[in-house]
*Asks:* 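There's a structure below that I have some questions on.
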Amino acid sequence: MNVKTLVIGLDGATFSVLDPLIEQGVMPFLKSFMAEGVCAGLRTIIPPLTPPAWTSLMTGRTPGQHGVFDFFHMESDGSRHIRFFNSNDVQCDTIWSLASGQGLRVTTINFPAMFPAPRISGHVIPGWVPWKQLRLACWPEGLFDRLKALPGFNQRELAMDIKLEEKATEGCSSYDEYGPWVDLHTRREQNLFDILNHLVREEPSELTAILFDGVDKLQHLCWRFLRPQDDRPLETEQELRLREVCIDYFRKLDGLLEKICALAGPEATVVMASDHGFGPTYEVFHINTWLEQHGYLAWSEAARSHDTQGALLGVGQVARHTWMLDWNRTKAFATTPTSNGIYILVNRDGNSPGVQPSEYLSFRQQLIDDLRAFRDPASGEAIVTGIWTREEAFSGPHSEAAPDLTLMLRDGGLVGILPAAGPLSRRPVMGGAHRPVGIFAAKGPELRRGLMADELSILDVAPTVLYSLGLAVPMEMQGRVPEEIYQEAVLKARPVRRVLTREVAVNGHGSGPGKLSEEDEQVVMERLRELGYVE
Ligand SMILES: [Zn+2]
């Protein structure tokens with residue numbers, strides 16, 4: 001058995017960073033890959049956020065259809081309590097379950113929403129897992145112990161260590177910390193590659209996928225070193241050295257991409273994709289402070305007595321919203337600093353605070369008008385440049401769990417949710433933030449060569465992967481197989497087939513998400529609590 005289709009995820013990869021690196025000769029392999037294959041911009045979903053976007057890539061569906069909206073999930077409908085998202089929140093088939101269900105083997109390394117691991121035929125090494133949980137998280141049983149024997153295997157560096165991860169969102173405290181932090185990601189990606197290398201050689205799968213997320217983290221933290229043209233020229237020797245450290249990360253990544261493609265061989269179709277693009281961010285819109293100033297929200301006594309003025313929020317502090325707000329006087333609020341979403345409290349049972357159901361639409365429209373009217377006092381420019389209602393952004397069976405409004409900000413950044421001195425503040429230094437258009441690049445014997453295609457949708461990746469495996473594409477997938485990237489003779493010989501999911505022959509491998517025992521779940525929750533994710 002050989003690798004038939006190889007998916008390489010590059011979290012947050014964007015042409016505005018890669019193109020200059022390719023020009024400078026830092027990524028010669030990627031350059032030739034793109035020149036010999038197909039590339040295109042890849043438009044992501046709303047919001048352009050890692051967990052829902054990768055889930056859309058894996059399912060070919062939007063969040064309202066698959067059920068993942070954020071890093072966090074309300075514990076139940078109408079609940080104020082949130083928990084970290086997991087694979088059980090994915091409410092539909094994935095390319096992994098569909099391929100496995102039709103008799104193919106699947107290896108997936110470091111993708112989010114894969115924990116608890118789905119019981120597919122092949123291997124699952126889930127991403128976004130606390131490092132102590134990694135043994136428990138890998139599928140099938142015994143896989144972790146086999147991998148542990150690999151030279152250089154480092155459990156702690158391989159999985160999520162939140163103490164280190166938080167730096168990606170909160171900024172390193174001193175220049176000295178950047179270098180080792182970037183090196184950590186280089187080692188981690190080498191570790192991920194070593195696993196792939198072992199599995200492709202010893203226990204290969206027709207569908208093999210690996211996700212490198214260092215790109216996203218590096219760009220969040222080191223945008224000013226990667227793209228100083230977005231802010232100011234680098235001045236000190238230290239800054240210039242850090243730029244070299246960042247460039248070296250991409251150079252090594254290029255080396256890994258080359259090795260992975262060589263492993264898969266010339267007969268494989270290779271698809272590279274990012275979950276969203278990236279760009280600079282200079283400011284923070286303190287959304288809950290703005291809501292408070294406009295009478296939509298009230299802080300609790302506890303929140304007012306804490307000195308959180310102007311704080312940039314890290315993931316560890318997210319669960320605080322439940323005690324920060326005076327729930328009797330709050331009608332609209334943001335729970336997380338990751339999704340740019342606003343929830344409206346509705347008095348559904350007649351005895352609760354919040355907006356009366358009959359007033360919901362007019363209340364929401366007023367809130368939209370007020371947000372649109374909010375301007376930068378210095379320039380008069382609008383701060384909120386895009387607003388989507390739940391119906392507009394999240395139609396589907398799971399829309400009830402989505403925020404009532406989702407915002408796009410003028411510099412593409414994320415909101416802050418803690419109390420601040422004013423609604424708008426400048427970041428101490430320019431950072432990186434997500435953008436709607438990421439990258440797509442693919443190469444293989446069936447694809448056209450040297451084609452710069454029109455922009456594709458992230459929803460098109462799942463149908464493309466299934467087609468390249470010779471499988472039918474479920475009608476329920478909202479994306480399409482982009483026929484323009486394939487050679488005509490291939491399409492003629494093997495036309496794209498669309499079928500209802502229930503017509504897909506599932507051979508009883510069990511394609512749904514696995515379930516943790518109560519005891520295991522306790523262990524995971526304890527770990528997440530310890531990490532500060534959960535109250
Ligand atoms: Zn991402």
Side-chain angles (χ1 to χ4, degrees), residues 7-18 41-59 61-63 66 68-73 84-87 89-90 94 108-115 126-129 159-160 162 164-170 185 188-189 192 209-223 226-227 246 249-250 253 271-281 314-315 318 336-341 406 408-409 411-415 431-441 456-459 461-462:
V7 177
I8 304 176
L10 297 172
D11 200 307
T14 191
F15 286 122
S16 65
V17 168
L18 297 179
L42 192 66
R43 182 163 293 271
T44 193
I45 42 106
I46 298 164
L49 185 65
T50 301
W54 282 119
T55 308
S56 287
L57 184 138
M58 302 182 309
T59 61
R61 305 200 205 190
T62 52
H66 63 55
V68 175
F69 300 92
D70 196 345
F71 281 102
F72 302 91
H73 207 272
F84 203 57
F85 81 111
N86 66 42
S87 63
D89 299 326
V90 182
T94 60
T108 142
I109 302 174
N110 201 34
F111 281 79
M114 297 301 283
F115 175 57
W128 285 93
V129 171
M160 181 168 67
I162 204 65
L164 297 166
E165 303 283 334
E166 278 196 341
K167 283 186 180 167
T169 48
E170 294 185 340
H185 286 90
R188 180 156 183 261
E189 283 166 11
L192 292 168
I210 185 165
L211 172 54
F212 293 117
D213 52 352
V215 182
D216 176 271
K217 292 179 196 159
L218 220 73
Q219 291 176 160
H220 270 296
L221 199 63
C222 300
W223 192 261
L226 283 165
R227 280 191 57 91
C246 292
Y249 164 85
F250 281 94
L253 178 64
V271 173
M272 288 188 202
S274 62
D275 52 339
H276 47 74
F278 243 88
T281 174
V315 278
V318 156
T336 75
T338 39
S339 70
N340 282 358
T406 298
M408 183 190 273
L409 305 180
D411 79 347
L414 293 171
V415 298
H434 299 180
R435 289 290 190 282
V437 182
I439 68 151
F440 176 90
L456 300 176
S457 161
I458 196 165
L459 303 173
V461 177

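One-based numbering, in listed order, for ligands and for the atoms of each. Note that the numbering runs from 1 along the sequence shown for the chain.
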*Asks:* Are the side chain of Q219 and the backbone of F278 linked by a donor-acceptor contact shorter than 3.5 Å?
*Replies:* no
*Asks:* Return yes if some donor-acceptor pair links the side-chain N/O of D275 with the main-chain N/O of P48 below 3.5 Å, else return no.
*Replies:* no
*Asks:* Give every protein N, O or S atom lying under 2.8 Å from the Zn ion (ligand 1), naming each by residue and atom.
*Replies:* D11 OD1, T50 OG1, D275 OD2, H276 NE2
*Asks:* Ignoring hydrogens, what is the shortest heavy-atom contact between A113 and S87? Give both atom names and the distance.
*Replies:* O-CB, 3.2 Å
*Asks:* Kindly determine whether D213 and H185 satisfy side-chain hydrogen bond (donor to acceptor under 3.5 Å, both in side chains), including the steps that lead there.
*Replies:* CA-CA 9 Å; D213 52 352; H185 286 90; over 6 Å; no
*Asks:* Tell me if a side-chain donor or acceptor on R43 pairs with a main-chain N or O of L459 at a distance below 3.5 Å.
*Replies:* no
*Asks:* At what distance, to the nearest 0.5 angstrom, does OG of S274 lie from CG of L211?
*Replies:* 10.5 Å
